[in-house]
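Beneath this line is the structure, given in structure tokens, with notes to follow.
First the proteins, then the strands, lettered A, B, ... as listed; each starts at 1.
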2 protein chains.
Amino acid sequence: MSSEDFLRLDLQLCFPLYAASRAMVQAYTPLLSKLGLTYPQYLVMLVLWETDGVSVKELGEKLYLDSGTLTPLLKRLETLAFVRRERSKEDARSVRVSLTPQGRALRRKAASIPEAIACRTGLTMEELARLRRDVQRLFESVSR
Amino acid sequence: MSSEDFLRLDLQLCFPLYAASRAMVQAYTPLLSKLGLTYPQYLVMLVLWETDGVSVKELGEKLYLDSGTLTPLLKRLETLAFVRRERSKEDARSVRVSLTPQGRALRRKAASIPEAIACRTGLTMEELARLRRDVQRLFESVSR
DNA sequence: GCCAATTCAGTTGCGCGCAATTGAATTGCG
DNA sequence: CGCAATTCAATTGCGCGCAACTGAATTGGC
């Protein structure tokens, strides 16, 4: 097997990962569109539901996204009235993002989504947990 | 554990998948930029290196991408002189994509990439193969 | 206290992805 | 044959991702 054989599409890891990631996002899409959210917007809401009032920097660290992605996304969430954005009093470079009452209320509507998605995977909770752990390890290896 | 607990970011499968997919593409990026390619363009080249002269439809079936993504991408590959696009004689609705000599020559320059990426994952060949299979199965479950 | 270095969010530009639509070509049914 | 339904690629519009850069605010060394 020569080094060029490794160029075969069916032998690559990245391509299935890329295809699976997009397919999972597509599975979320009809559920999220009922809430008026895209998948990346949903990720931001997940963070805020856990920890309200984070800075753009902290959001970026949790989601591995930069301000070039987050700033316009957060502006859209603000237009939707799910979040507020305000310059920090202590450090005027920083912007704090916090939930509006509507943003907080959205959490209950989103509560059924994770289980619906888990079903779509056809995996048991144990298989899901193992795959998540393996993919997380891969991420950690690759992202440095 | 209530249904809202499943909204925790660290319990989701999709988010690690999404992060890992992007991190892997980022690992490819410096290697591919030497060839003048983006990752999706590289995927198209992988298909053409295996099967030259496929239609846009066939490319889409192999890569799970539609004409809205492929048409402009292929135009860019054409501008780079790696592929040619021409209406099929037999069926004028279809467009056949084929490699130019430069496109074919690029394969040798790309030959070292898969191994370099495999190293970055920190996984053995067996672990890589197993993860690829698991992710592929996930994709098949979710994408219907 | 000063000022260079750093840290923030924001902006610009570009290439995807993808839904929705268009228009041309082909197919298939009566 | 005739024409409606289908199949193609292309287009439009929008929301990411991300590299590169900007400008304002803060920090740290002296």
Notebook entry, point to check: So which one's nearest nucleotide on DNA chain C is more toward 5', T29(A) or D91(A)?
Noted result: D91(A)
Notebook entry, point to check: How do Y64(B) and S94(A) order along DNA chain C: which one's closest nucleotide is nearer the 5' end?
Noted result: S94(A)
Margin query: For the CD atom on E50(B), are there more than 12 heavy atoms of other groups (residues, nucleotides or ligands in this structure) within a distance under 6.0 Å?
Written below: yes
Item checked: Over 12 foreign heavy atoms within 6.0 Å of CD, Q102(A) -> yes
Item checked: Who pairs with dG28(C) - Watson-Crick or G-U, where each distance is under 3.5 Å -> dC3(D)
Notebook entry, point to check: So where does chain B start and stop touching DNA chain D, 5' to 3', when the test is distance under 4.0 Å to a non-hydrogen atom?
Noted result: dT7(D) to dA19(D)
Specify the closest pair of heavy atoms between [X] and [Y], including all atoms of both residues, with the distance to one decimal.
X       : Y       : result
Q136(B) : P16(A)  : NE2-CG, 4.1 Å
P114(B) : A111(B) : CD-O, 3.5 Å
D52(A)  : S98(A)  : OD1-CA, 3.1 Å

Between atom [atom1] in [X] and atom [atom2] in [N], what is the gap in whole Å?
X      : N       : atom1 : atom2 : value
R96(A) : dC8(C)  : CZ    : P     : 13 Å
L63(B) : dC18(C) : CG    : P     : 12 Å
R85(A) : dC8(C)  : CZ    : C1'   : 14 Å

Check: R87(A) side chain N/O closer than 4.0 Å to the phosphate oxygens (OP1, OP2) of dA9(C)?
Finding: no
Notebook entry, point to check: Where along residues 31-44 of chain A does a heavy atom fall under 4.0 Å from DNA chain C?
Noted result: none
Margin query: Give the residues of residues 73-83 of chain A touching DNA chain D, defined as any heavy atom closer than 4.0 Å, sorted by residue number.
Written below: L73(A), R76(A)
Tabulate below the donor-acceptor pairs under 3.5 Å that side-chain atoms of residues 72-87 of chain B make, not counting sequence neighbours, or state none.
{"from": "E78(B)", "atom 1": "OE1", "to": "R85(B)", "atom 2": "NE", "distance (Å)": "3.1"}
{"from": "E78(B)", "atom 1": "OE2", "to": "R85(B)", "atom 2": "N", "distance (Å)": "3.3"}
{"from": "T79(B)", "atom 1": "OG1", "to": "K75(B)", "atom 2": "O", "distance (Å)": "3.0"}
{"from": "R84(B)", "atom 1": "NH1", "to": "E86(B)", "atom 2": "OE2", "distance (Å)": "3.2"}
{"from": "R87(B)", "atom 1": "NH1", "to": "A92(B)", "atom 2": "O", "distance (Å)": "3.0"}
{"from": "R87(B)", "atom 1": "NH1", "to": "R93(B)", "atom 2": "O", "distance (Å)": "3.0"}

Next item on the list: Without swapping roles, check the side chain of W49(B) against the backbone of G103(B) for a donor-acceptor pair under 3.5 Å.
Entry: yes
Notebook entry, point to check: Are any of the side-chain nitrogens in K57(B) or E61(B) under 4.0 Å away from the carboxylate oxygens of its partner?
Noted result: yes
Show me the donor-acceptor pairs, under 3.5 Å and distance only, between side chains in residues 34-47 of chain B and residues at least two apart or in other chains.
{"from": "T38(B)", "atom 1": "OG1", "to": "Q41(B)", "atom 2": "N", "distance (Å)": "3.3"}
{"from": "Y39(B)", "atom 1": "OH", "to": "F15(A)", "atom 2": "N", "distance (Å)": "3.3"}
{"from": "Q41(B)", "atom 1": "OE1", "to": "T38(B)", "atom 2": "N", "distance (Å)": "3.1"}

Item checked: Nearest-nucleotide 5' precedence on DNA chain D, S67(A) against E90(A) -> S67(A)
Next item on the list: Check whether any side-chain heavy atom of L138(B) sits under 4.5 Å from a side-chain heavy atom of L13(B), and report yes or no.
Entry: yes
Side-chain donor-acceptor pairs of residues 18-32 of chain B under 3.5 Å, sequence neighbours excluded:
{"from": "R22(B)", "atom 1": "NH2", "to": "Y64(A)", "atom 2": "O", "distance (Å)": "2.4"}
{"from": "Y28(B)", "atom 1": "OH", "to": "Q12(A)", "atom 2": "OE1", "distance (Å)": "3.0"}
{"from": "T29(B)", "atom 1": "OG1", "to": "V25(B)", "atom 2": "O", "distance (Å)": "2.8"}

